[in-house]
Amino acid sequence: MKVLHLDNNHPTLLQQLAEAGFSNTENYTATKEEVEQFIGDYNGIVIRSRFKIDKSFLDAAKNLQFIARVGAGLESIDIPYAKKKGVQLFSAPEGNRNAVGEHTLGLLLSLFNKLNMADQSVKTGHWKREAHRGLELDGKTVGIIGYGNMGKSFAQKLKGFNCTVFCYDIKSDVGDKNATQVSLITLQEMADVVSLHTPWTPETDKMVNADFITNFKKPFWLLNTARGKSVVTKDLVAALENGKVLGAGLDVLEYEKLSFESLFSSEMPSELKKLLEFPNVLLTPHVAGWTVESKRNLAETIVDKIKEAFPKPEP
């Protein structure tokens, strides 16, 4: 089985596939249009998010049996059309869930304790202790929206902080010992902190907008390590200005390209400029699941799924 690798990943992925009898080809620079000229020769592709796998690409991939994405989501793939063509789809949310859980907790603790502001203050020669008095997570209520691999990992990390954890998900009966499942209305009534762990779907696109924010009973802190397009930036900025949102830790932004490799290609939007001015907003460049350990874990998870679906023939 011939496999085309369109993004560079941990070397164990290539090594283990080769050992399992797959033939690997690496091409990390060809454009989508160029790849469409020869993709018909391949049975599988391994991607991250370099370009969209759409109808024209899938039509050109006449012998394609699987698409493996070394990451959590599959939004860069036309999933219904791929399934119609009989193409199996693999992703690896198990591979970086721990990294995302730790990063989300890091954002929250940094915001509560004003670590980024305190660091910059000291480095500029100031010693303002009262200005950097922090908050404790103890006794707070954390609401997790989306309780899959990532949400459950974050909830597990919150154990030991003596906080109440609620989760909301479109699926029923997903709550566990680390989080009590509630309705969205209940979460909006109770939460001091809201953390997004949802995929990007039509239902979650622009989900966090002015109406969504207004429905919270009390001011809250917002964390987003999921997908940037789930949060309407201008509405978040307005909520930060009026105090409805107390602060935000964002690993993803509305203006990211689909590839996640750059922020934007044109002039910076005015609402993003405003967002950057808030001292109570902490930003990271889509790296919540981007650790040394997760790079290997993602690769190994994908290899295991491919090998399970396409076992090596017995000699």
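Heavy atoms only: backbone and side chains are in, while hydrogens, waters and symmetry mates are out.
In this structure, CE in Met1 is found 5.0 Å from CG in Asn43, a value given to the nearest 0.5 Å. Going from atom CG of Leu6 over to atom CD1 of Ile39 covers 6.5 Å, rounded to the nearest 0.5 Å. If you take CG on Leu137 and CG on Leu158, they are separated by 6.0 Å, rounding to the nearest 0.5 Å. Atoms OG1 and CD, from Thr201 and Glu75 in turn, are 10.0 Å apart once rounded to the nearest 0.5 Å. A distance of 9.0 Å separates CG of Asn113 from CG of Leu108, quoted to the nearest 0.5 Å.
Ion pairing between Glu277 and Lys274 fails under the 4.0 Å rule for side-chain N and carboxylate O. Salt-bridge check for Glu36 with Lys32: passed, with a basic side-chain N closer than 4.0 Å to an acidic carboxylate O. With salt bridges taken as basic N to acidic carboxylate O contacts below 4.0 Å, one links Lys85 and Asp59.
Judged purely by distance below 3.5 Å, without hydrogens or angles, the side chains of Glu19 and Gln15 pair a donor atom with an acceptor atom. Side-chain contact of Ser76 with Arg50: a donor-acceptor pair under 3.5 Å is absent, judged by distance alone. Counted by atom type alone, Lys305 and Thr301 present zero donor-acceptor pairs between their side chains at under 3.5 Å. Using modelled atom types, one finds no donor on one side chain facing an acceptor on the other under 3.5 Å when comparing Thr225 with His103. In the model, Asp235 has no side-chain atom that pairs as donor or acceptor with a side-chain atom of Asn209 under 3.5 Å.
Of the possible donor and acceptor atoms, one in the side chain of Lys244 sits under 3.5 Å from a partner among the backbone N and O of Phe216. Proximity of a side-chain donor or acceptor of Ser230 to a complementary backbone N or O of Thr204 within less than 3.5 Å is detected. One N or O on the side chain of Asp176 and one on the backbone of Ala179 form a donor-acceptor pair closer than 3.5 Å. Distance alone, capped at 3.5 Å, places no donor-acceptor pair between the Asn98 side chain and the Gly101 backbone. A donor-acceptor pair under 3.5 Å is absent between the side-chain atoms of Arg296 and the main chain of Glu300, judged by distance alone. The backbone N or O of Arg48 sits less than 3.5 Å from a side-chain atom of Asp7, completing a donor-acceptor pair. Under a 3.5 Å cut-off, the side chain of Lys218 and the backbone N or O of Asp192 do not form any donor-acceptor pair. Asn280 places a side-chain N or O within donor-acceptor distance of the main-chain N or O of Leu246, the cut-off being under 3.5 Å. Remark: the backbone N or O of Val287 is paired with a side-chain donor or acceptor of Asp251 at under 3.5 angstrom. Formation of a donor-acceptor pair under 3.5 Å by the Asn162 side chain with backbone atoms of Gly139 is not found in this model.
The two residues Gly249 and Leu111 make their nearest non-hydrogen contact at N-CD1, 3.4 Å. When every heavy atom of Pro279 is checked against every heavy atom of Asn116, the shortest pair comes out as O-ND2, 3.9 Å. Minimum interatomic distance between Gly228 and Asn224 (heavy atoms only, all atoms of both residues): CA-ND2, 4.1 Å. Contact detail for Asn178 and Lys159: the closest heavy-atom pair is OD1-CD, 2.9 Å.
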Derivation and outcome, side-chain contact (heavy atoms from CB on, under 4.5 Å), residues Lys171 and Tyr147: CA-CA 9 Å; Lys171 296 180 180 179; Tyr147 204 59; over 6 Å; no
CA sep, side-chain torsions, deciding dist, call: Asn27, Thr29, side-chain contact (heavy atoms from CB on, under 4.5 Å): CA-CA 6 Å; Asn27 191 324; Thr29 59; 3.8 Å; yes
Verdict with supporting geometry, Arg69 and Ser49, side-chain contact (heavy atoms from CB on, under 4.5 Å): CA-CA 8 Å; Arg69 180 168 185 268; Ser49 302; 2.7 Å; yes
Steps toward side-chain contact (heavy atoms from CB on, under 4.5 Å) verdict (Phe212, Leu184): CA-CA 10 Å; Phe212 179 92; Leu184 181 59; 4.2 Å; yes
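Residue Lys234 places its NZ atom among 12 or fewer non-hydrogen atoms of other residues, nucleotides or ligands, all under 6.0 Å distant. Within 6.0 Å of the CG atom in Asp138, the count of heavy atoms belonging to other residues, nucleotides or ligands exceeds 12. By the 6.0 Å contact criterion, CD1 on Ile170 is open, its count of non-hydrogen atoms from other residues, nucleotides or ligands being 12 or less.
In this structure the side chain of Val122 reaches within 4.5 angstrom of the side chain of Trp127, judged on heavy atoms. Annotation: side chain of Phe57 is not in contact with side chain of Ile67 (no heavy-atom distance under 4.5 Å). Considering only heavy atoms from C-beta on, Lys2 stays 4.5 Å or farther from Asn63 through its side chain. Ile213 has its side chain within reach of Phe220: a pair of non-hydrogen atoms, C-beta onward, lies under 4.5 Å apart. The closest side-chain heavy-atom distance from Ile47 to Ile77 is below 4.5 Å. Side-chain contact between Asn96 and Thr291: absent, with no pair of heavy atoms (C-beta onward) separated by less than 4.5 Å.
Relative orientation of the His197 and Phe154 rings is tilted, given thresholds of 30° and 60° on the angle between their planes. Note on ring orientation: taking the six-membered ring where Trp is involved, the planes of Phe310 and Phe66 are tilted (angle from 30° to 60°).
Clustering ILVMFWY residues whenever any of their side-chain heavy atoms sit less than 4.5 angstrom apart, transitively, puts Ile144 in a cluster other than the one holding Phe166.
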